[in-house]
Amino acid sequence: MPNEKIWRDVDTYFSQSLLQRDERLDAVLEANASADLPAHDVSPLQGQFLALLCQAVGARRILEIGTLGGYSTIWFARSIGPEGCIVTMELDPARADIARKNFVRAAVAECVDIRVGPASESLSQLSLENPAPFDIVFIDADKQSNPQYLRWALHFSRAGTVILVDNVVRGGAVADRSSTDPSVVGTRFAIELIGGEKRLKATAIQTVGSKGYDGFVMAVVQKDNSKGQ
Ligand code: DHB
Ligand code: MG
């Protein structure tokens, strides 16, 4: 995309102006890149957004579907206070191992509960444990399963829970009703579910930056059965 350089340059400027340098977090990104994980970590500015969201809503309990190398997990874990906990789910045992090392590196291992295996199974298991509702649910795994993850997110929510769905733009293809790309189909179906769900009030924000062109959905579970205004 022609504008990618300026998006990166502006992200660099904002990062340098607004974020504290953090060698541990930099080391986590380097570890993930050198382990050849896909470059799907959130950017540092997006990580700070997740941290600020935690602070703004007083989040203590986070559910993350899709750990990868655990970079976003660490931003959450650092922002939920000493009593907080984050349950994060990762399909791939090798990636989970990388994430665990990163949690130690970032000194957050104690408050992270990583569940390894297909998220559908980890979510069913979690449900059997009857956990207290989560304050924030971050859906960031295989995009074709977004509808299923969205249903689970509601299951684990209370009024006021914030549900985020990452990477919903799909290079713009999310607006293409004829797309057969499973990630697009899954994302579109999840967005339809959200739009039709009386318990959710939602928006979608398109983003540009060091991660290119993307965006996320943010939904808040409502206390009554109407979206209200
Ligand atoms: C994709 C997935 C991610 O979680 C992300 O942050 C960026 C891209 C993807 O599957 O394309
Ligand atoms: Mg993502």
Side-chain angles (χ1 to χ4, degrees), residues 1 3-4 7-8 11 15 25 28-33 35-54 62-77 79 86-92 94-96 98-99 102-103 112 114-120 122-123 134 136-150 152-153 162-176 179-191 194 202-219:
M1 253 196 223
N3 290 321
E4 282 198 8
W7 298 343
R8 261 200 315 276
D11 247 21
S15 305
L25 280 173
V28 167
L29 284 183
E30 277 157 32
N32 291 351
D36 275 333
L37 294 188
H40 291 168
D41 321 272
V42 296
S43 72
L45 287 161
Q46 290 165 346
Q48 178 86 312
F49 171 76
L50 298 176
L52 292 171
L53 182 68
C54 284
I62 311 286
L63 173 60
E64 178 180 64
I65 306 171
T67 315
L68 193 65
Y71 182 69
S72 51
T73 322
I74 292 166
W75 278 100
F76 280 124
S79 311
I86 171 161
V87 178
T88 185
M89 298 180 170
E90 174 53 46
L91 171 65
D92 179 352
R95 291 180 177 180
I98 294 165
N102 286 333
F103 300 149
V112 180
I114 182 166
R115 311 280 177 111
V116 183
S120 56
S122 298
L123 288 159
F134 290 90
I136 297 176
V137 183
F138 186 47
I139 299 175
D140 191 23
D142 61 301
K143 311 308 176 191
Q144 70 185 43
S145 303
N146 274 342
Q148 187 191 356
Y149 300 150
L150 190 270
W152 277 114
V162 180
I163 300 172
L164 296 170
V165 189
D166 199 19
N167 316 116
V168 294
V169 168
R170 317 309 312 159
V174 72
D176 178 4
S179 174
T180 55
D181 175 338
S183 297
V184 174
V185 173
T187 298
R188 285 179 59 88
F189 187 18
I191 288 170
I194 294 169
T203 189
I205 302 294
Q206 299 184 65
T207 58
V208 295
S210 61
K211 293 282 160 174
Y213 170 45
D214 210 328
F216 61 92
V217 163
M218 176 174 171

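FYI, the numbering just counts along the sequence from 1. First listed ligand is number 1; within each ligand, the first listed atom is number 1.
- The residues lining ligand 1, counting any heavy atom closer than 4.0 Å, are H40, D140, K143, D166, N167, R170.
- Judged by distance alone, with hydrogens and angles left aside, the side-chain atoms of T67 form a donor-acceptor pair with the main-chain N or O of M89 at under 3.5 Å.
- You'll find the side chain of W75 reaches within 4.5 Å of the side chain of L25, heavy atoms only.
- Between the R188 side chain and the V174 main chain, a donor and an acceptor come within less than 3.5 Å of each other.
- The shortest distance between side-chain heavy atoms of L164 and L50 falls below 4.5 Å.
- Under the 3.5 Å distance criterion, the side-chain polar atoms of E90 are left unmatched by any main-chain donor or acceptor of G66.
- At least one side-chain heavy atom of V28 sits under 4.5 Å from a side-chain heavy atom of I74.
- In plain terms, the two heavy atoms of N102 and G69 that are nearest each other are ND2-O, 2.8 Å.
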Could you please spell out the steps behind the side-chain contact (heavy atoms from CB on, under 4.5 Å) verdict for D142 and L91?
CA-CA 10 Å; D142 61 301; L91 171 65; over 6 Å; no
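- Proximity of N167 to T187: side-chain heavy atoms (C-beta onward) are nowhere separated by under 4.5 Å.
- Distances from the Mg ion (ligand 2) under 2.8 Å pick out these protein N/O/S atoms: D140 OD1, D166 OD2, N167 OD1.
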